[in-house]
Amino acid sequence: QPKYLGIKLHDGEATKTGNIIVRQRGTKFIPGKGVRIGSDDTIYAVTNGIVKFTTTKKVRYDGTRRLVKIVNVVST
């Protein structure tokens with residue numbers, strides 16, 4: 001049975017409150033400003049605006065770093 005995972009709204013697209021941006025298993029993408037994460041790791045918008053994806057380095061508890069992708073919704 002297919003689960004239809006992946007990115008539903010891409011960088012620069014307009015979104016409304018409640019729209020699903022990413023369906024995922026685990027936290028491949030982490031939520032930023034204007035978005036929340038559901039119990040099944042789905043990232044959805046809580047404000048109206050434009051979707052923006054950014055990449056940054058996150059420091060883990062043991063001091064190692066990893067690249068993370070952050071999803072934001074920027075108000076227009």
Side-chain angles (χ1 to χ4, degrees):
Q1 295 296 321
K3 302 303 181 212
Y4 303 105
L5 302 176
I7 299 174
K8 305 303 179 186
L9 293 175
H10 294 276
D11 194 30
E13 290 189 306
T15 183
K16 294 186 209 173
T17 302
N19 282 3
I20 293 174
I21 301 170
V22 179
R23 301 271 289 162
Q24 62 185 350
R25 294 291 173 258
T27 52
K28 184 176 275 193
F29 295 87
I30 62 172
K33 295 184 179 182
V35 297
R36 297 270 167 84
I37 192 163
S39 61
D40 62 345
D41 296 319
T42 296
I43 295 178
Y44 61 94
V46 292
T47 60
N48 296 336
I50 304 294
V51 177
K52 292 291 177 194
F53 288 88
T54 58
T55 304
T56 187
K57 290 182 181 178
K58 182 178 179 182
V59 179
R60 295 179 177 171
Y61 294 111
D62 62 354
T64 59
R65 294 184 178 99
R66 78 173 184 120
L67 284 176
V68 293
K69 298 172 196 109
I70 302 172
V71 182
N72 298 301
V73 172
V74 181
S75 299
T76 54

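Model, not experiment: these values are computed from the prediction. Below, each value reflects all heavy atoms present in this structure, side chains not excepted, and no hydrogens, waters or symmetry copies. Each residue takes its place number in the sequence, starting with 1.
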K33 vs V73 side-chain heavy atoms within contact, under 4.5 Å:
no
Does N72 reach the main-chain N or O of V74 with its side chain, forming a donor-acceptor pair under 3.5 Å?
no
Heavy-atom distance under 4.5 Å between the side chains of V71 and T54, does that happen here?
no
Verify the cluster assignment for I43 and L9: are they in a single hydrophobic cluster under the rule of side-chain heavy atoms below 4.5 Å apart?
yes
Inter-residue atom distance K57.NZ - R66.CZ, 0.5 Å rounding
13.5 Å
Is the side chain of D11 donor-acceptor paired with the backbone N or O of F53 at a distance under 3.5 Å, no angle test?
yes
Check: Q24 side chain, T42 main-chain N or O, donor-acceptor pair, under 3.5 Å
no
Working to the nearest 0.5 Å, report the span between NZ of K69 and NZ of K28.
6.5 Å
Please check if I50 and I70 belong to a single hydrophobic cluster, counting links between Ile, Leu, Val, Met, Phe, Trp and Tyr side chain heavy atoms closer than 4.5 Å.
no
State which residue, out of I21, V51, T15, fulfils the side-chain contact (heavy atoms from CB on, under 4.5 Å) condition with V35.
I21
State the CD1-CD1 distance between I20 and I7, to the nearest 0.5 angstrom.
14.0 Å
Would you indicate whether the side-chain heavy atoms of K58 and L67 approach each other to under 4.5 Å?
no
Could you walk me through whether K8 and R23 pass the side chain to side chain contact (heavy atoms under 4.5 Å, CB included) check?
CA-CA 7 Å; K8 305 303 179 186; R23 301 271 289 162; 3.6 Å; yes
Quick one: pull up CZ in F29 and OG1 in T55 and give me the separation to the nearest 0.5 Å.
8.5 Å
Are the side chain of D41 and the backbone of R25 linked by a donor-acceptor contact shorter than 3.5 Å?
no
